[in-house]
Number of protein chains: 2
Amino acid sequence: MQLQEAQEKFIQSWGTLGSHWGINRTMAQVHALLLISAEPLSAQEIMDALKISSGNANMNIRALIDWGLVFKELKPGERKEFFVAEKDMWEVIRKIIIQRKKKELEPVIKVLNEISTVEENSPEAEEFVRVVQDIRLFAQKADSTLEGLVKSDQKWFVGTFLNMIK
Amino acid sequence: MQLQEAQEKFIQSWGTLGSHWGINRTMAQVHALLLISAEPLSAQEIMDALKISSGNANMNIRALIDWGLVFKELKPGERKEFFVAEKDMWEVIRKIIIQRKKKELEPVIKVLNEISTVEENSPEAEEFVRVVQDIRLFAQKADSTLEGLVKSDQKWFVGTFLNMIK
DNA sequence: TACTACTTTCAAAAGGTTTTGAAAATACAA
DNA sequence: TTGTATTTTCAAAACCTTTTGAAAGTAGTA
């Protein structure tokens, strides 16, 4: 397979994956492009490579920087900004977990805590409390697992993963 | 907090969470409603409770059945169908993993395998192959971990999870 | 068979998200 | 300062997904 074809496939594929993971398709494509680029790219180069507008490029590059998946790089003598991707895959995963934990898991735990105060004075209320407690337990377990993972270094994570599959 | 208010909050919250996890909002709300219902519900009861149309209800109930998160139940003497949710949280997680692994992880691994055959005859090609190999390794690790998890029984999963958080 | 309760389909409408691109803002150079 | 390259903003347009509801289909009942 030719390099260019392979690169395009990779960008497409990463975009599709991203769109299922709370990262919009273009955002994931920009990340993919930067991941496989040996050199930092300017906004203009990203726009040209992916055929997207300046607004779109600007917005998604900034989102990637917010997530900690992309860094701004200034070249001496150049007025324009260049961008590089976080290339360490474990770090990428960590950054995504941090965002999603904050945006999804934590709000749900908050609601579960609130609603578990309901009084158990009817069969429906009993069923409700049982289900909510069960989910709450799992959510808290997931939360502390992810928290540990985020705070841990790579080796611990790799080790745990390997342990899991035996 | 009143039971009804708590139930509504739970359904809302579960819907929001679902929509970030490849399950559409209504589908997640139907699942939430069935989860906290002590009795099987008919399509009509689901439509009334969530204020959704028959088409919408039908479509999402079927999707939930496809995912293995909801089961059809026939009551003797009743013409209409009733539905119950899978209430075991670990089983719910397993079912979701099965679907997402199939729909997302496996296609990506396929592409990664294809494109890693590119020849390393330039700095760009080298960078490309390095990144792809790295991701491929991670993806395969994740795949076998999830596969093990899906095939395992609850206890093993709970145990591993607890081990992870120490 | 015809009736009725219930379920399913699907084209059109609604709703939500993403993208565009012109205009405004910014920042450096002369 | 003025000019120019670059970045940012944002309202409108395009696009994509979900929902509706009427009509068709199905299956039990009489």
Side-chain angles (χ1 to χ4, degrees), chain A residues 11-12 14-34 40-67 70-84 99-100 103-104, chain B residues 11-12 14-34 40-67 70-84 99-100 103-104:
Chain A
I11 291 170
Q12 282 310 313
W14 204 241
T16 304
L17 185 66
S19 70
H20 291 288
W21 277 90
I23 295 173
N24 96 31
R25 206 167 45 109
T26 306
M27 187 171 158
Q29 288 181 342
V30 172
H31 184 238
L33 177 67
L34 291 172
L41 300 180
S42 67
Q44 190 61 57
E45 287 169 317
I46 293 169
M47 286 163 61
D48 294 345
L50 302 178
K51 299 196 174 62
I52 58 175
S53 69
S54 58
N56 199 4
N58 184 267
M59 183 177 161
N60 285 299
I61 292 168
R62 256 184 315 124
L64 284 164
I65 292 174
D66 276 354
W67 281 50
V70 162
F71 309 103
K72 206 175 268 192
E73 203 171 286
L74 296 168
K75 290 193 190 176
E78 292 264 23
R79 184 185 296 185
K80 55 174 169 279
E81 297 170 326
F82 290 82
F83 304 96
V84 287
Q99 294 294 325
R100 303 200 67 189
K103 286 197 203 150
E104 294 160 36
Chain B
I11 291 170
Q12 282 311 312
W14 204 242
T16 305
L17 185 65
S19 71
H20 292 289
W21 278 90
I23 296 175
N24 96 30
R25 207 167 44 108
T26 306
M27 187 172 157
Q29 288 181 343
V30 172
H31 183 238
L33 177 65
L34 291 172
L41 299 181
S42 68
Q44 190 61 56
E45 286 169 317
I46 293 169
M47 286 162 61
D48 293 345
L50 301 178
K51 297 197 174 65
I52 58 174
S53 69
S54 58
N56 198 5
N58 185 267
M59 183 179 162
N60 285 299
I61 291 168
R62 255 182 319 122
L64 284 165
I65 292 174
D66 276 355
W67 281 51
V70 162
F71 309 103
K72 206 175 268 192
E73 205 171 285
L74 296 169
K75 289 194 191 178
E78 292 264 24
R79 185 184 295 187
K80 54 175 169 278
E81 298 171 325
F82 289 81
F83 304 97
V84 286
Q99 293 294 323
R100 304 199 67 189
K103 285 198 203 148
E104 295 161 35

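Taken over five-pair windows at either terminus, the axes of the helix from C/dT1-D/dA30 to C/dA30-D/dT1 are inclined to one another by 0° (rounded to 10 degrees).
Across B/Ala28 and B/Ile23, no two heavy atoms sit closer than the pair N-CG2, 3.8 Å. Counting all heavy atoms, side chain and backbone alike, A/Phe83 lies closest to A/Leu34 at O-CD2, 3.3 Å. The shortest heavy-atom contact between B/Ser42 and B/Phe82 is N-CD2, 3.7 Å.
In this structure, A/Asn58 contributes its side chain and A/Ser54 its backbone to no donor-acceptor pair below 3.5 Å. In this structure, B/Asn56 contributes its side chain and B/Ile52 its backbone to no donor-acceptor pair below 3.5 Å.
The nearest whole Å value for the distance from the CG atom in B/Leu74 to the C1' atom in D/dA27 is 12 Å. Between B/Met47 atom CE and C/dC6 atom C1' there is a gap of 10 Å when expressed in whole angstrom units. Following rounding to the nearest Å, B/Ile52 (CD1) and D/dT20 (C1') show an atom-to-atom distance of 11 Å. Rounded to whole angstrom, the span from the CG atom of B/Asn60 across to the C1' atom of D/dT20 amounts to 13 Å. Atoms CD1 (B/Ile61) and P (C/dC6) sit 14 Å apart, rounded to a whole Å.
Enclosure of atom CZ in B/Arg25 is not indicated, since only 12 or fewer non-hydrogen atoms of other residues, nucleotides or ligands lie within 6.0 angstrom.
Proximity of A/His20 to B/Trp21: side-chain heavy atoms (C-beta onward) are nowhere separated by under 4.5 Å. A heavy-atom distance below 4.5 Å is not found between the side chains of A/Met27 and A/His31.
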Can you build the contact string for nucleotides 3-17 of chain D? Use B for base contact, S for sugar-phosphate-only contact, and - for no protein heavy atom under 4.0 Å.
-BBSSBB--------
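Within the 4.0 Å cut-off from OP1 or OP2 of C/dT18, not a single side-chain nitrogen or oxygen of A/Thr26 is found.
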